[in-house]
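For reference, the structure is listed below as structure tokens.
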Amino acid sequence: MTVRATARGQARTSLDGARVDVLVCGASFAGLAVARELARSGAATEAGGARVLVLDRYEIGERATSACAAPTPWLHAMGVAGSIRCELPYMTFATPHGRVRYRLPWSWSAFDYRALCEGLWEQCGEAEFATATVEGGAGADGGDLEVRTDRGTLRAPLVVDALGWRRVLASPHYQPPDAPLSRGLEVHPHTGGQGDALDVWVDRSLVRRGYGWRVPAGDEARIGVGSYEPRHHVKAPTVRLAGRLDAEAVRFQGNWFPHRLRGAVEDGVFCVGDSAGHCFPLSGEGIRTAFYFGVACGRELAGVLAGRQDRDAALAQYAAFHDRHAGGFRRALALQRLIPALPPRVLTLLLRALSRQALVDRAFGWYLDQAHPSFAAGPMPHSRARREALLEAG
């Protein structure tokens, strides 16, 4: 069981009545990407003068909730390449009728969650952090929004919900199994952590609607199962997959993750990452999209702090940016529904047909383009802007 590292005793003072310029609720991939972008803009620096506060119930980097692998170019773009534990230039896909191996046009990298989060936080300038459990929104006070926590109610004109699929600042909350959520569970044995491929199993004897995975991560392997149907439990298939791989089913870690976009804003709050449904359907990948939309949100907030726009304009701009990506998410969701319905032999033949390098490059190039790492460096280059226009056109 994870032990919370949080302020205790005299250190756990009241935050009630505190007012900041930007309140970021959630200190994982999305929330830290927002704070980092504010620092890059000059807003979260001593010279900038804006007070940015990040809240989370856990200390930064304390509690990982994912397989912790992301496209390598994104880790370099976010300045956290030092967290990489194993680079994976290949993917394998296995069914009961065969296995294919693809050389990707880019690589995945397994990373250390704590090292990555601490690396992001080091780039967050003068932003402040406090441990507190966010309990919900408490309405508005003039131009400020109020957020209720277990340490009191805080106020800010700019509020970000980066707290995950629960979307704590919204009402009503998502509740599994009725919400469009997938569920995943993995184990972390200290064996089988070497390799050059991210392995995927599509096997109905393992999970009827979903997939299994193995991510080599240096001194450990990350072996798990994800189900697109939230009513289907995944502990037993995770243990079975570990057994197939002669690995111990130890150090369990799991979570729900969304597979459908939600609105990017609600009641004046900016929603980023899983709270906005930014986890990509089919693959269940949510780390780079958390970075991507976190950067976009941070830029809109920076525009407010710099006086270039007001909050309403920033909300509208961020929502429009989010909506321009709906086409790619819809296509991935359609594949998520189609692939489990294909006869296994047909799926195997399809995977083999796609193994030509030109097709692999094209398919995985499209996939990366849905949230391209070049976006982290600054304003969109012309080619990326063109791709955005094509996305908007459907």
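One-based numbering along the sequence shown. Computed from heavy atoms alone, side chains included, the values below leave out hydrogens, waters and symmetry copies.
- The 12-atom threshold is not exceeded at CD of E248, counting heavy atoms of other residues, nucleotides or ligands nearer than 6.0 Å.
- Side chain of R222 to backbone of C68: a donor-acceptor contact under 3.5 angstrom is found.
- Put simply, the side chain of T149 never gets that close to the backbone of A132: no donor and acceptor are under 3.5 Å apart.
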Would V295 and F375 satisfy side-chain contact (heavy atoms from CB on, under 4.5 Å), going step by step from the backbone distance to the final call?
CA-CA 8 Å; V295 168; F375 184 70; 3.8 Å; yes
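- The side-chain contact (heavy atoms from CB on, under 4.5 Å) test applied to S107 returns T72, E87, P89, not counting sequence neighbours.
- In this structure, V20 is a member of the same hydrophobic cluster as V134, with clusters built from ILVMFWY side-chain heavy atoms closer than 4.5 Å.
- By the 4.0 Å N-to-carboxylate-O rule, R51 lies close enough to E128 to be salt-bridged with it.
- The hydrophobic clustering, which links ILVMFWY residues whose side-chain heavy atoms are closer than 4.5 Å, places L163 and W165 apart.
- Atom CZ of R345 has 12 or fewer heavy atoms from other residues, nucleotides or ligands within 6.0 Å.
- No single ILVMFWY cluster, assembled from side-chain heavy atoms under 4.5 Å apart, contains both L23 and Y318.
- Using cut-offs of 30° and 60° for the angle between ring planes, the W74 and Y292 rings count as perpendicular.
- In this model, a donor atom of one side chain and an acceptor atom of the other lie less than 3.5 Å apart for H372 and S374.
- No donor-acceptor contact under 3.5 angstrom links the side chains of D112 and S83, judged on distance only.
- Y90 has its ring centre no less than 6.0 Å from the ring centre of Y102.
- For F257, there are no ring pair (Phe, Tyr, Trp, His ring centres under 6.0 Å) partners two or more places apart in sequence or in a different chain.
- For V304, the side-chain contact (heavy atoms from CB on, under 4.5 Å) partners are L158, Q309, A314, not counting sequence neighbours.
- No more than 12 heavy atoms of other residues, nucleotides or ligands lie within 6.0 Å of CZ in R362, so this atom counts as exposed by the packing criterion.
- Taking CD1 of I339 as the reference point, atom CG of L351 lies at 7.5 Å (rounded to 0.5 Å).
- Side chain of R251 to backbone of H188: a donor-acceptor contact under 3.5 angstrom is found.
- Classification of the F364-F93 ring pair by plane angle, with boundaries at 30° and 60°, yields tilted.
- Between the side chains of D203 and S205, a donor-acceptor pair is found at a separation under 3.5 Å.
- A side-chain hydrogen bond (donor to acceptor under 3.5 Å, both in side chains) with S283 is found for exactly one of W213, Y211, Y367, namely Y367.
- Checked by atom type and distance alone, the side chain of R167 pairs as donor or acceptor with a backbone atom of S275 at under 3.5 Å.
- Each of H259, H232, R209 was checked for a side-chain hydrogen bond (donor to acceptor under 3.5 Å, both in side chains) with S182, and the lone residue meeting it is H259.
- Using a 4.5 Å heavy-atom threshold, the side chains of M78 and L120 count as touching.
- Put simply, V207 and L333 are part of two different groups of oily side chains (I, L, V, M, F, W, Y) that touch within less than 4.5 Å, one to the next.
- Between R356 and D361 there is no salt bridge, since none of the side-chain N atoms of the basic residue sits less than 4.0 Å from a carboxylate O of the acidic one.
- Side-chain polar atoms of E300 and Q317 form no donor-acceptor pair below 3.5 angstrom.
- Using bins of under 30°, 30° to 60° and over 60° for the plane-to-plane angle, the ring pair F129/W121 lands in the perpendicular bin.
- For R101 (side chain) and R99 (main-chain N/O), no donor-acceptor pair under 3.5 Å exists by modelled atom type.
- Neither V250 nor V239 shares a network with the other; the hydrophobic side chains, linked directly or stepwise wherever heavy atoms of I, L, V, M, F, W or Y lie under 4.5 Å apart, form separate groups for each.
- At distances below 3.5 Å, at least one donor-acceptor pair connects side-chain atoms of D310 with backbone N or O atoms of A313.
- Judged by distance alone, with hydrogens and angles left aside, the side-chain atoms of E186 form no donor-acceptor pair with the main-chain N or O of G224 at under 3.5 Å.
- Between F293 and H325, the distance separating the two ring centers is shorter than 6.0 angstrom.
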